[in-house]
Every structure is written in C-alpha cells, then in structure tokens.
Amino acid sequence: MNDLWYKDAVFYELNVRAFYDSNGDGHGDLRGVIEKLDYLVDLGVDCIWLLPIYLSPLKDDGYDIADFYAVLSEYGGLNDLKLLISEAHRRGLRIIMDLVLNHTSDQHPWFQAARTSRNSPYRQYYVWSESTQKYSQTRIIFVDTQPSNWTWDEQAGQYFWHRFYACQPDLNYDSPAVQEEMLRVMRYWLDLGIDGFRADAVPYLFEREGTNCENLPETHAYLKRIRRFVNENYPGRILLCEANQWPEDVRPYFGDGDEFHMGFHFPVMPRIYMALERGQRQPLTWILERTPPIPEDCQWCIFLRNHDELTLEMVTEEERQWMWQVYAPEARMRLNLGIRRRLAPLLGNDRRKIELANSLLLTLPGSPIIYYGDEIGMGDDIWLPDRNGVRTPMQWQNTPNAGFSSAPPDRLYAPVIAREPYTPVRVNVADQVANPGSLWHTLRRMIALRKASRLFGWGSFTWADAGIDSVAAYWREEGPQRLLILNNLSESSHFVSLALPEVLGPEPIDLITNSKLTPASSSRLELELGPFEYRWIRFDG
Ligand code: NOJ
Ligand code: CA
C-alpha cells in the first residue's frame with residue numbers, strides 16, 4: 001500500500017445525516033452512505049471525510065460529543081460503521097472521520113462528574129477559574145452568540161473555559177489523563193479501520209496566560225505526540241489539521257514532517273472568491289507567495305466550501321466588508337465572521353464561474369476536497385438557523401424528498417431546498433448523471449484528468465506571466481511532465497501570449513478538450529480565452 005496516498009487524493013466531505021436515509025426515519029445514516037458508495041466511486045473521489053458521527057446532543061451538529069466511543073443511534077451502530085469501512089475499502093475508497101480534541105459536550109459524563117465536586121478526578125479534565133479575567137487576550141470565535149470564553153457553572157461554583165459554544169467545555173490538556181484519553185479514542189477508531197482523522201480546532205488545545213492561547217508550543221508538542229502514535233502503530237493513516245490561521249502559523253503544524261500529514265489552506269479559499277469577483281489574480285498570487293514551503297511528504301488541503309460558514313477570518317477588515325457586500329448582501333447570509341451560503345448561490349449559479357472555481361480547486365498545489373452537493377451545484381437555505389442552511393438533504397432525484405428519504409416530508413431532519421433555481425426539479429444527481437453536458441460530468445472529467453497524472457499532487461508550482469492580470473496562469477511540473485494552467489477570472493475575453501521554455505516539445509495537448517494545439521512558434525503560446533474560460537495544457541518535454 002502507498003502510505004503517501006493523500007498526496008494526490010481527491011477528498012469528499014459528507015454529512016451522514018444529509019446524505020442518504022436508508023430506513024425512512026428522515027435522517028441520513030451510515031447504511032445510506034454505503035448505498036451511495038458506488039456514486040462516489042463513479043465521481044472519482046478517493047477519500048471520504050465523515051462529519052462527526054459520535055453520540056451527541058447535537059447542539060453543534062455533533063461537534064459536541066457526549067461519548068467518544070459510541071455512534072449516534074440515528075446514524076446506526078458500530079457494525080454499520082465497520083460495514084461502511086469494509087465496503088469503502090473494497091472499492092478502493094478511504095474514510096477519515098472527525099477527531100474533536102479540544103472540547104466535549106457538557107453532557108459528557110466527564111463534565112457531568114467534573115462539575116459535581118472539586119475532588120472529582122474529572123475536575124482536572126476541564127479548565128476552571130474563579131473569575132473571567134484569566135486568558136483575557138483570547139479572541140471569541142462564535143462572536144454572534146458567545147459573549148465570553150468563560151461561562152459560570154452553578155453546580156461547580158466556578159467558571160469553565162470554552163472556545164466555542166458554552167455547551168462545549170474545553171478539555172484541559174495540562175492534565176496527563178486527558179492526553180491519554182484522547183490517544184485511547186484514536187486507537188479505538190483506528191483499530192476499527194478508519195484511515196485517519198480530520199482533527200478539529202487544534203490551535204486551541206492549551207491555554208497560557210499572556211498569550212492569545214492559540215498555536216502554543218505545548219499544543220504542538222502534544223500534536224507531535226499523537227503523530228508519533230500514528231506512525232508507530234498505524235502507518236498509512238493520516239492526520240488532517242484544521243487550523244484556521246495564516247500560512248506562517250499553519251506551517252508549524254507540519255513540523256519537520258513529524259506533526260500533521262495535511263493541513264487545510266484556509267486563507268487561499270476566500271481569495272478564490274475575491275479573484276473571481278474582481279477578475280484579478282492578485283489575491284491568489286499574494287497569498288500563495290506568502291505560503292511557505294512544506295515538507296515533501298506533507299500536503300495542503302484546498303477547498304471551496306465546507307459545512308461551516310465561508311470564513312473571513314483570514315482577510316483584512318476592509319476585505320471582509322467587501323466580501324460581505326458582494327457575497328452576502330442580506331444580513332441573514334452572514335454568520336460570525338463569515339458567509340453561510342453554498343458554492344453555486346455564491347457564484348450566482350453561473351456555470352462558467354462554478355467550473356472555473358473548480359479548475360482552481362483541482363490545479364492549485366494541494367489535494368482538493370469537495371463538499372457534498374457542490375458537484376451538482378446545490379443551493380442553500382438561508383432561512384435555517386446557524387450553518388444548517390448548507391447542510392440540507394442531498395438531492396438525488398427529482399422525486400419527493402429529492403430521493404433522499406422515504407419519510408413523510410415533515411419528518412426530515414431539515415427541509416429539502418425549496419427555492420428555485422435550486423429545487424430538485426432542476427438540481428439533482430440522477431438528471432446530471434444522465435446528461436453528459438452537466439456540471440457533474442464536467443467535474444468528473446476534471447477529477448479523472450487529475451488522477452491520470454502525478455503532477456497535480458506532486459508537481460512544483462510556478463506562476464506564469466500571461467501578460468494580463470485577469471488571467472491566473474501557472475505551471476505544474478513533475479519530471480518530464482509540464483502542465484500549463486490558464487484561468488480567465490474575468491467576464492471578458494482575453495488574448496493571452498506566453499513565453500514557453502525551450503525544453504518543451506512541439507505539440508501541446510489541451511486536456512479539457514482533449515485536442516492538440518498548434519502554437520505559431522515554439523517559443524510562444526498565443527491564444528484567446530473566453531469569459532471565465534480555463535485551459536489545462538500539457539507539454540511533454
Ligand atoms: C470547527 C468545525 O468545523 C465546526 O463545525 C465546529 O462548530 C467547531 N470546530 C467546534 O468544534
Ligand atoms: Ca435513517
């Protein structure tokens with residue numbers, strides 16, 4: 001087996017609740033995912049990331065865990081998960097799941113025990129204080145709802161610390177017992193055959209007075225410890241880091257190749273939208289130029305959207321205001337420091353822009369991750385609270401409940417999108433699979449092209465000068481293979497003229513159209529790019 005599989009894998013993020021309901025109770029479940037594995041194989045993805053499936057009161061959709069060793073009953077049982085893992089593996093798919101290290105639910109027995117007495121051995125599992133003055137340099141993440149990172153607990157007679165909702169008390173990593181507990185949790189799921197973890201909210205594990213309590217050396221030391229644990233016992237399994245930070249602050253999470261295998265590239269994401277709206281490549285060149293190199297065996301994870309709001313934490317205040325103005329004109333589209341909308345509505349349901357965004361997703365350095373439903377251009381429901389509007393049922397067919405569930409519509413965990421042009425009448429898997437001209441087929445072809453060549457995952461990345469700022473042009477190179485990517489970010493056509501390196505062979509191939517190009521000279525490539533057009537041109541030197 002290839003231990004470095006994640007270097008060129010295509011990832012797919014899915015919410016078990018939202019994917020497919022196999023038993024008609026209105027909630028998606030693990031058996032439902034099993035029934036849809038062939039769909040994912042057909043699309044061409046390599047690894048599925050399951051959002052949290054643990055026992056939970058669901059105050060934060062499962063990121064509030066009440067038992068790290070139990071599956072939420074609506075999703076099925078452990079046997080269903082085992083079956084899912086083996087059915088996925090049988091098809092060559094891998095599965096990673098969320099590992100929520102930073103906090104538990106307040107319903108977790110540890111917290112229940114901790115709050116009862118200062119003498120409970122579980123008291124030290126959490127972070128307590130007599131006052132709210134401690135760690136005062138720490139920002140609040142859920143700014144719309146949380147007035148403080150401290151909440152008074154009547155029963156405990158003390159304040160407890162939480163970086164997210166008050167129902168999610170932070171674990172205390174200064175406690176050796178907590179450190180051990182979480183290794184045990186990892187062992188449990190890895191023994192079941194999980195291929196790794198997307199580690200949630202890792203910058204916040206430790207707190208230290210006088211700091212902003214993020215990215216602390218103690219936190220990195222513990223993360224290196226869990227990496228050693230994986231290396232020693234489970235080679236080939238991966239750790240994917242969720243650190244919503246600037247590139248220079250994410251960089252240490254890769255360590256010397258001894259911390260995370262992968263890390264989300266948060267700051268590049270909003271800049272894809274900025275570049276598209278301005279018709280200018282500068283936001284992308286700027287952020288990639290300030291992205292430090294990472295160890296050879298590590299990989300970035302690039303995404304356009306996920307289950308959270310489109311975060312605007314990694315932009316300036318001015319850029320944030322501008323992004324809100326253009327992408328979230330209505331107040332209810334905003335949440336915390338972000339935008340709670342899906343890809344297709346964000347891009348005005350413009351097929352050209354959606355394809356172009358995917359061209360960037362699949363060709364920038366890193367492994368891409370696709371958010372379920374975005375492959376068919378699903379819409380969102382801004383009338384649902386919190387981030388629920390981007391977590392609605394997957395639209396399989398133009399039939400009742402979008403083919404997601406046989407339950408009566410009022411029993412569904414969330415309503416199917418009911419606003420045009422995003423209802424299942426227009427947006428569903430079955431119709432797009434049947435229509436070779438659909439977005440789904442385009443994306444599937446792009447994924448297949450990507451998988452046919454190592455250079456997307458392994459190749460170097462260099463900006464090219466296309467003579468105009470509206471075009472994001474770059475080379476990807478690996479061994480004798482060279483790929484020139486051209487993305488026209490603007491709504492006008494542009495004539496592009498590019499110097500070609502000497503070593504290139506004479507007959508470039510346009511991978512997207514699968515046709516030969518005949519450049520007028522061997523030293524320049526000149527061509528016309530239509531509005532929002534993208535080209536992937538391969539030269540074999
Ligand atoms: C990040 C997750 O993506 C988000 O959904 C969750 O609310 C927080 N971490 C807290 O776990
Ligand atoms: Ca169900």
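Whatever order the structure lists them in is the order used to number ligands and atoms, beginning at 1.
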*Look at atom CH2 of W152 and say whether more than 12 heavy atoms of other residues, nucleotides or ligands are closer to it than 6.0 Å.*
yes
_Counting only heavy atoms not in R419 (residues, nucleotides, ligands), do more than 12 fall under 6.0 Å from its CZ?_
no
*Considering only NZ, NE, NH1 and NH2 on the basic side and carboxylate oxygens on the acidic side, decide whether R17 and D61 come within less than 4.0 Å.*
yes
*Short question: side chain of K224, backbone of D258 - any donor-acceptor pair under 3.5 Å?*
no
*Do E180 and R187 meet the salt-bridge criterion of a basic N to acidic O distance under 4.0 Å?*
no
*Under 3.0 Å from the Ca ion (ligand 2), the protein N, O or S atoms, given as residue and atom*: D21 OD1, N23 OD1, D25 OD1, H27 O, D29 OD2
*So, R271 and E319, do they make that salt bridge, N to O below 4.0 Å?*
yes
*Knowing that exactly one of N401, V416, V429, V425 qualifies, which makes a side chain to side chain contact (heavy atoms under 4.5 Å, CB included) with Q395?*
V416
Could you give the N/O to N/O pairs under 3.5 Å linking ligand 1 and the protein, each with its distance?
residue: ligand 1; atom: 3 (O); partner: R198; partner atom: NH2; Å: 3.0
residue: ligand 1; atom: 3 (O); partner: H307; partner atom: NE2; Å: 2.8
residue: ligand 1; atom: 3 (O); partner: D308; partner atom: OD2; Å: 2.5
residue: ligand 1; atom: 5 (O); partner: H307; partner atom: NE2; Å: 3.1
residue: ligand 1; atom: 5 (O); partner: D308; partner atom: OD1; Å: 2.6
residue: ligand 1; atom: 5 (O); partner: D308; partner atom: OD2; Å: 3.4
residue: ligand 1; atom: 5 (O); partner: R387; partner atom: NH1; Å: 3.3
residue: ligand 1; atom: 7 (O); partner: D60; partner atom: OD1; Å: 3.1
residue: ligand 1; atom: 7 (O); partner: D60; partner atom: OD2; Å: 2.6
residue: ligand 1; atom: 7 (O); partner: R387; partner atom: NH1; Å: 2.9
residue: ligand 1; atom: 9 (N); partner: D200; partner atom: OD1; Å: 2.8
residue: ligand 1; atom: 9 (N); partner: D200; partner atom: OD2; Å: 3.3
residue: ligand 1; atom: 11 (O); partner: H103; partner atom: NE2; Å: 3.0
residue: ligand 1; atom: 11 (O); partner: D200; partner atom: OD2; Å: 2.8

*Could you tell me whether R163 and E214 have a side-chain N and a carboxylate O separated by less than 4.0 Å?*
yes
_Ionic contact status for R290 with E248, cut-off 4.0 Å_ = yes
